[in-house]
Amino acid sequence: MTTQLGDAVAPPSNRRTTARRLSTRVGRVRELGIVVALALVVIPTAIVNPRFVQPQSLRDLLLNASIVALLAVGQTLVVVTRNVDLSVGSVLGLSAFLTAQHFADHPGTPLLAGIGLGVAVGLACGLLNGLLVALGNVPSLVVTLGTLYVFRGVDYALAQGRQVNAADLPDALLALGSSRVLGIPVLVLITLAIVAVAAVYLRSYRSGRELYALGSNPEAAALAGIPVARRTLTTFVLSGLVAGLAGALWVARYGTVDAAAGTGLELQVVAAVVVGGVAIFGGSGTVAGAALGALLLGTITSCLVVLQIPAFWQQAISGALLLSAITVDRLLALRLARALRSAEGTSHA
Amino acid sequence: MRNLLRWETALVFLLIVVALTGQVSTDGSFLSGGNLFYLGLDIGEIALIALPLTLVIVAGEIDLSVASVLGLASALVGWLWNAGWPLETILPVVVVAGALAGAVNGLLVTRLGLPSLAVTIGTLALYRGLALVVLGDTAVADFPAAYTDFGTTPVPGTDIPYPIVLAAVLALLFGVALHASSFGRSVYAIGANEEGARFSGIRVKRVKLTLFVLAGAVAAVAGIVYTFRFSSARADNGVGLELAVVAAVLLGGVSIFGGRGSLFGVLAGVLLLGGLRNLLILQDTSTEVLTIVTGLLLLVSVLAPSITRRVATLRKVTP
């Protein structure tokens, strides 16, 4: 950026670099904060009940968090551009039911074709969301609130009260939900792979960087020649696609699917994303942070079970966690703004 | 402004269409007193919560936690009743608790400058969680008939349910507050241009805080109504109701960006949503279709202004 300029001019840039260091630190502090929070949750639980850190229960922990983490990756892409996708729970439900029903009705379906069907369903839903937001000029909150209803309604209408059981599903699919590679569940590996791909995309690709520009200042982004509508459309398509994949994996994981799969999941996902340090007003955040947020929320749930705290506390705690996350973010941002301002003051002097 | 008027005219027109279609297709039972009574009961809570939420959205904010406050209020009613409190004490205490819940939202939004969307998604989980903590998954149902009758019988001599009377009185109060008081003007001013409002001497933070407190208090009242209507206090009462309320408010022509909308439109929106649902239920339509219709109505209501705007600009460009 302006490092050279600042360094060449004068020593007062000391405060300036302080401000810059603070700004990069804020980013890192966030992911570190979640790791610390994870430790704070896991260590006391492990002391009370050492079985909590045995490989099997750690595997369950990761497995439980992986579907929310997957959705959180797609949601991050959307939230970074200052939008939100509330329909992910319904997209997951629709994709899960259609995938399960297809496998049950056509037992010979190859594994990848069936999963591809789920992904395609998600992609179609995401495309509809994206078109409405990008071309209709309607706020995404309202559009996806509407499609949350519509997709879930279509899901119920197609299911007609039916339920697909594990016995109707091919063994290969169920194996996907329970098998492991090098001791790590396959579902977790899939989630990790997608987190990695999305992280590289957001960090190193031009269109990925443009998503941040879009979120920090949409007008400036448009003036700078960023194709706003196309990028917005892409993020919703990707979010839908990931939700579709998550639906197919949901079938693999749980085996029993009815039209209610994934109901209310959107709030968990948004909570995970925000706890993970993605600013709800766009422009900052990482997919790794969002995935860690999902892991933290999932871990808290598991710890409550282990500590025999009534599960009723779980929702209150995740709400309180979300609130404290955005509060801390806000306070840090205020401090950062103050530091930047005072740095600017000295460099002008 | 003219656009807005047109939207409300369209709503009234749609209401008449729904009423006539209902009347014809059900051989006159749609507009019968008995059915209107159930229709009124069905939209009672939505109508109540939509009132303060209209003001919140006009001011450019959003409150997604209202249904959770409803659930928390319901859980508190049950819990305090189990603890042996008299209902005369419970009801005011619960409304104050709702106002406090709203104040938490308002303080986080105004003092810390947090986006209300994020705050109220957080308190949506928090308040519902507290409701579960208070009452668990049990139900309290042994309320005296003198109270539950308010939720199941009409006002003597009419077909009007009590919750609708309550909603009508509150609608009058909120209508005057929004449309005929300086407070209401400042709500519009904040929604249209917050900075401009601040520079013209409006106490933006105080107004917003008041709106969130009102939303919490009225949501608690709706929780009490809900509890007595089903004579059952449960922590999961009204789950997901926030979506229906937001849908009704936006359908009523309130702009999600703030600064525009009227309480009359919102009442028409609530009636349209309720009437359509009721009609579909009378036609034995499945609940899944109801869900789809609710979602489509919401989409149409936000797409319509955007489309008319586009058409208008197109017309201007090509003379």
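Below, chains carry the letters A, B, ... as their sequence lines are ordered, and counting in each starts from 1. Here the structure is a predicted model, which is why all the values come from computation and not from measurement.
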- Interchain contact, B:Val246 with chain A, by part (heavy-atom threshold 4.5 Å): side chain
- Message: Looking at A:Arg162, I'd like to know if its CZ atom is crowded, meaning that more than 12 non-hydrogen atoms belonging to other residues, nucleotides or ligands lie closer than 6.0 Å.
- Response: yes
- Query: Most heavy-atom pairs under 4.5 angstrom with chain B, which of A:Val142, A:Leu267, A:Leu148?
  - Reply: A:Val142
- Step-by-step side chain to side chain contact (heavy atoms under 4.5 Å, CB included) determination, B:Ile292 to A:Tyr149: CA-CA 6 Å; B:Ile292 300 177; A:Tyr149 275 122; over 6 Å; no
- Message: Report which part of A:Val150 has an atom under 4.5 Å of a heavy atom belonging to chain B: side chain, backbone, both, or neither.
- Response: both
- Item | B:Trp79, CH2: over 12 other non-hydrogen atoms inside 6.0 angstrom | no
- Message: Please classify the contact of A:Leu331 with chain B as side chain, backbone, both or neither, using a heavy-atom distance under 4.5 Å.
- Response: side chain
- Message: Among B:Ile256, B:Val293, B:Leu130, which residue has the highest count of heavy-atom pairs closer than 4.5 Å to chain A?
- Response: B:Ile256
- Within residues 113-122 of chain B, contacts to chain A at heavy-atom distances under 4.5 Å involve B:Gly113, B:Leu114, B:Pro115, B:Leu117, B:Ala118, B:Val119, B:Ile121, B:Gly122
- B:Leu250, part contacting chain A, at a heavy-atom distance under 4.5 Å: side chain
- Once you round to the nearest 0.5 Å, how far does CG of A:Leu321 lie from CG of B:Leu126? 11.0 Å
- Side chain / backbone / both / neither for A:Val154 at chain B, heavy atoms under 4.5 Å: both
- When rounded to the nearest 0.5 Å, the distance separating OG1 of A:Thr327 from CZ of B:Arg111 is 14.5 Å
- Where does B:Phe257 contact chain A at under 4.5 Å (heavy atoms): side chain, backbone, both or neither? side chain
- Message: With a 4.5 angstrom heavy-atom cut-off, is it the side chain or the backbone of A:Leu135 that approaches chain B, or both, or neither?
- Response: backbone
- Note on the structure: Applying a strict 4.5 Å limit to non-hydrogen atoms, the region of A:Ala157 in contact with chain B is both
- Interface moiety of B:Leu112 toward chain A, non-hydrogen atoms closer than 4.5 Å: both
- Item | B:Ala125 to A:Gly319 - nearest heavy-atom pair and separation | CB-CA, 3.7 Å
- Item | Heavy-atom pair of closest approach, residues B:Leu299 and A:Thr147 | CD1-CG2, 4.0 Å
- Note on the structure: Okay, A:Leu141 and chain B: the region with an atom under 4.5 Å from a heavy atom over there is side chain
- Is it the backbone or the side chain of B:Leu297 that comes under 4.5 Å from a heavy atom of chain A, or both, or neither? neither
